[in-house]
Amino acid sequence: MFVEEVTKWYKINKRDLPWRDTKNAYIIWLSEIILQQTRVEQGLPYFHKFLERYKSVTEFADASEDEILKLWQGLGYYSRARNMHATAKIIKNEHNGVFPCNYETLLKLKGVGEYTAAAISSFSANEKHAVVDGNVYRLLSRYFGIETAIDSTIGKKEFKKLAYELLEQAEPFLYNQAVMEFGAIQCKPSSPNCANCPLRLNCYAYQHEMVDKLPVKDKRTKVKERFFNYLVVKDGTKVLLNKRIAKDIWQNMYDFPLIETAERLTESELIQSSHFEKFKKNTKLYIKSVSDEKKHVLSHQIIYARFWEIRMENTLLDEFNGVFWVNEDEIDQYAVPKIVDNYLKKF
DNA sequence: AAGCCGGGGCA
DNA sequence: TGCCCAGGCTT
């Protein structure tokens, strides 16, 4: 009943999405990685950009990481781009450039977990593996009235088992697409369209007025505050850039030399701090301007950033590892995080 | 098992 | 504000 209704609804209501009319595992992989934790509308332009730039997994493998990150800029979760590059190289070198369709093989690839392996194998080869993503958790928990937390180990097992049982009676390609689309369009997180839902008579949550209580999630990410002071150092038309090599947010992307403090400092406190003393040692330095504090919210941290525009001669580069000069008109070739991009727009 | 990893849209 | 998005990796 459930499977039939969802599939029937899908055939009538599905969106026309470009990765649905192909069996090409490379194209499906591209779309699936882009869509991890990302709405279709947000990922769509990136999908087109990447597919146009890299027609095959071999072309993807031959690109530089800098170029891939630049193309990925603005989409977030940049480890996806780095992992894709590593995976593309493995497929070029160890799979003769042929993208695998097999679930077990896919699972071994970097950046491909159970969800993505199920998606690629079912969409490209109709393999019988159930997709269990945020849409599926929501739809199943509501329809079947499951109150187990979806972010617990036991919950993940329970939902996976149910998803595989449902798939047993279904056509993998069609049904996997259908459940996710149903969750995304009909059984939305907030204000789902229950009034017009073909499942409402048998939906546990709807019948028990629990739609807004399901699915249950018990971990909430705690947010850490960080205070960034970016030193935008100029010498003529040249600017200092910094490659972020540390194991931190925005790894392998670029920003400016950074003084990070655990607490919010006033401008004068920062100027008097040891960090700043170290930076201006043996140099002539003029602070041209200091920006307002910019607030940048990530899922797990809040960054308060100030941009210090500084003119400087005789910079001590070794005080900041990974720092190098670039011409102003070359900055746009480097992948930068959103907060830096916003600043550069007014540069 | 818990923490980490972006950015945007919505109520 | 808080929550969620076609999740996965590291500790």
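In what follows, chains carry the letters A, B, and so on, assigned in the order in which the sequence lines appear, proteins first and then strands, with residues in each chain numbered from 1.
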_Lys/Arg N to Asp/Glu carboxylate O, A/Glu67 vs A/Arg53, below 4.0 Å_ = yes
*Measure from CH2 on A/Trp72 to P on B/dC5 and round the result to the nearest Å.*
17 Å
_Using a 4.0 Å heavy-atom cut-off, does A/Ile339 contact any base of the nucleic acid, only the sugar-phosphate backbone, or nothing at all?_
nothing
*Any A/Thr116 side-chain nitrogen or oxygen under 4.0 Å from OP1 or OP2 of C/dG8*: yes
*How far does CG of A/Leu35 sit from CG of A/Leu44, to the nearest 0.5 angstrom?*
8.5 Å
*Rounded to the nearest Å, what distance is computed from the CD atom of residue A/Glu114 to the P atom of nucleotide C/dC9?*
10 Å
*Can you name the residues that form a salt bridge (charged side-chain N to carboxylate O under 4.0 Å, His left out) with A/Asp62, not counting sequence neighbours?*
A/Lys92
*Does any N or O donor sit under 3.5 Å from an N or O acceptor when you compare the side chain of A/Ser299 with the base of B/dG6?*
yes
*asked:* Ring-plane angle category for A/His85 and A/Phe60, please: parallel below 30°, perpendicular beyond 60°, tilted otherwise.
replied: tilted
*Which listed nucleotide (C/dA6, B/dC5, B/dG7) is nearest to the side chain of A/Arg15?*
C/dA6
*For B/dA2, take OP1 and OP2 only and decide whether either is under 4.0 Å from a side-chain N or O of A/Lys219.*
yes
*A/Leu17 side chain: which of C/dA6, C/dC4, B/dC5 is closest?*
C/dA6
*Contacting residues from residues 74-85 of chain A, given that a heavy atom lies under 4.0 angstrom of DNA chain B*: A/Gly74, A/Leu75, A/Gly76, A/Tyr77, A/Tyr78, A/Arg80
*How far, in whole Å, is B/dG6 from C/dT11 if one measures between their P atoms?*
15 Å
_Cationic N near anionic O, under 4.0 Å, A/Arg15 to A/Glu181_ = yes
_Does C/dT11 have OP1 or OP2 under 4.0 Å away from a side-chain N or O of A/Lys247?_
yes
*OP1 or OP2 of B/dC4 sitting under 4.0 Å from any side-chain N/O of A/Trp250?*
no
*Between A/Arg226 and A/Glu260, is the closest basic N to carboxylate O distance under 4.0 Å?*
yes
_Without decimals, in angstroms, what is the distance between A/Asp133 CG and C/dG8 C1'?_
14 Å
_Expected output: side-chain A/Asn176 to main-chain A/His129 donor-acceptor under 3.5 Å_ = yes
*Within the structure shown, what part of the strands sits under 4.0 Å from A/Val131 by heavy-atom distance: base, sugar-phosphate, or nothing?*
nothing
*So, A/Asp235 and A/Arg311, do they make that salt bridge, N to O below 4.0 Å?*
no
*Rounded off to whole Å, could you give me the CG-to-P distance for the A/Asp212 and C/dC4 pair?*
12 Å
*Parallel, tilted or perpendicular: which describes the rings of A/Trp29 and A/Tyr26, with under 30° parallel and over 60° perpendicular?*
tilted
*Under 6.0 Å from the six-membered ring centre of A/Phe173 and within 45° of its axis: does the NZ or CZ of A/Lys23 meet both?*
yes
*Atom pair distance, as rounded to whole Å: NZ in A/Lys14 and C1' in C/dA6*: 16 Å
*asked:* Between A/Glu114 and A/Lys160 (salt bridge meaning N to carboxylate O under 4.0 Å), is one present in this structure?
replied: yes
_So if I take residues 35-46 of chain A and measure heavy-atom distances to DNA chain C, which residues fall below 4.0 Å?_
A/Leu35, A/Gln36, A/Gln37, A/Thr38, A/Arg39, A/Val40
*Listed by chain and number, what are the salt bridge (charged side-chain N to carboxylate O under 4.0 Å, His left out) partners of A/Glu165, not counting sequence neighbours?*
A/Lys161
*asked:* Check this one for me: any side-chain N or O of A/His296 less than 4.0 Å away from OP1 or OP2 of B/dG7?
replied: yes
*Which residue lies toward the 5' end of DNA chain B, A/Ser191 or A/Leu298, if each is placed at its nearest nucleotide?*
A/Leu298
*asked:* How many whole angstroms separate atom CD1 of A/Ile120 from atom C1' of C/dA6?
replied: 11 Å
_Parallel, tilted or perpendicular: which one describes the rings of A/Tyr143 and A/Phe2, with boundaries at 30° and 60°?_
tilted
*Has A/Lys110 got a side-chain N or O lying under 4.0 Å from the OP1 or OP2 atom of C/dC9?*
no
*Nucleotide C/dC9, atom C1' - distance to CG of A/Leu107 in whole Å*: 13 Å
*Using only side-chain N and O atoms of A/His300, determine if any of them is under 4.0 Å from OP1 or OP2 of B/dC5.*
yes
*Could you identify which residues of residues 18-26 of chain A place a heavy atom less than 4.0 Å from some atom of DNA chain B, listed by residue number, or say none?*
none
*State plainly whether the residues A/Asp341 and A/Lys345 are in salt-bridge range, i.e. N to O under 4.0 Å.*
yes
*Determine, for A/Glu293 against A/Arg264, whether the closest basic-nitrogen to carboxylate-oxygen distance falls under 4.0 angstrom.*
yes
*A/Lys49 atom NZ, over 12 foreign heavy atoms within 6.0 Å*: yes
*Can you list, by residue number, the residues of residues 161-183 of chain A that have a non-hydrogen atom closer than 4.0 angstrom to DNA chain C?*
A/Gln177, A/Met180, A/Glu181
*Between A/Ser31 and A/Gly111, who's closer to the 5' end of DNA chain C by nearest nucleotide?*
A/Ser31
_Phosphate OP1/OP2 of B/dG3 contacted by A/Lys222 side-chain N/O (<4.0 Å)_ = yes
_Using whole Å, what does the distance between atom C1' of nucleotide C/dA6 and atom CG of A/Leu139 come to?_
13 Å
*Could you measure between the two P atoms, the one in B/dC5 and the one in C/dA6, and give it in whole Å?*
23 Å
